[in-house]
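Note: hydrogens, waters and symmetry copies are ignored here, and every other heavy atom, side chains too, is used.
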Amino acid sequence: MKQATIDQIALGAARCAEEIIVEEHPGGAAQRQAKLQAMFAEWIEHAVNREVRNARRRVERWRA
């Protein structure tokens with residue numbers, strides 16, 4: 001994965017984390033932590049899926 005792509009993903013995750021931290025959470029810190037964990041899991045899943053897709057494309061090009 002290119003460094004620019006990693007930087008974009010990290011920036012997007014940081015912005016989402018800032019939004020979650022700023023929000024009011026009736027469940028307190030535990031709810032905030034759960035939301036942050038879920039958000040980071042989604043961003044990591046997105047990055048992994050992207051890398052898998054790109055790896056498949058590289059293999060297909062290599063085999064062609």
Novice: Any pair with a residue in residues 27-40 that passes salt bridge (Lys or Arg N to Asp or Glu O under 4.0 Å), sequence neighbours left out, goes on the list, sorted by first then second residue, please.
Specialist: Glu23-Lys35
Novice: Please answer: with hydrophobic residues joined when any side-chain heavy atoms are less than 4.5 Å apart, are Met39 and Val48 in the same cluster?
Specialist: no
Novice: Over all heavy atoms of both residues, which pair between Ile9 and Ala47 is shortest? Give the atoms and the distance, please.
Specialist: CD1-CB, 3.8 Å
Novice: Is it true that Glu51 and Arg58 have a side-chain N and a carboxylate O under 4.0 angstrom from each other?
Specialist: yes
Novice: For Ala34, give me all partners under side chain to side chain contact (heavy atoms under 4.5 Å, CB included), at least two apart in sequence or on another chain.
Specialist: none
Novice: Find the distance between CD1 (Ile44) and NE2 (His46) and round it off to the nearest 0.5 Å.
Specialist: 12.0 Å
Novice: Kindly write out the residues that satisfy salt bridge (Lys or Arg N to Asp or Glu O under 4.0 Å) with Glu19, not counting sequence neighbours, or none if the list is empty.
Specialist: none
Novice: Could you give the distance from CZ (Arg53) to CG (Asn49), rounded to the nearest 0.5 Å?
Specialist: 7.0 Å
Novice: How about Arg50 and Thr5: do any of their side-chain heavy atoms sit closer than 4.5 Å?
Specialist: yes
Novice: Can you get from Ile21 to Phe40 by hopping between Ile, Leu, Val, Met, Phe, Trp and Tyr side chains that sit under 4.5 Å apart?
Specialist: yes
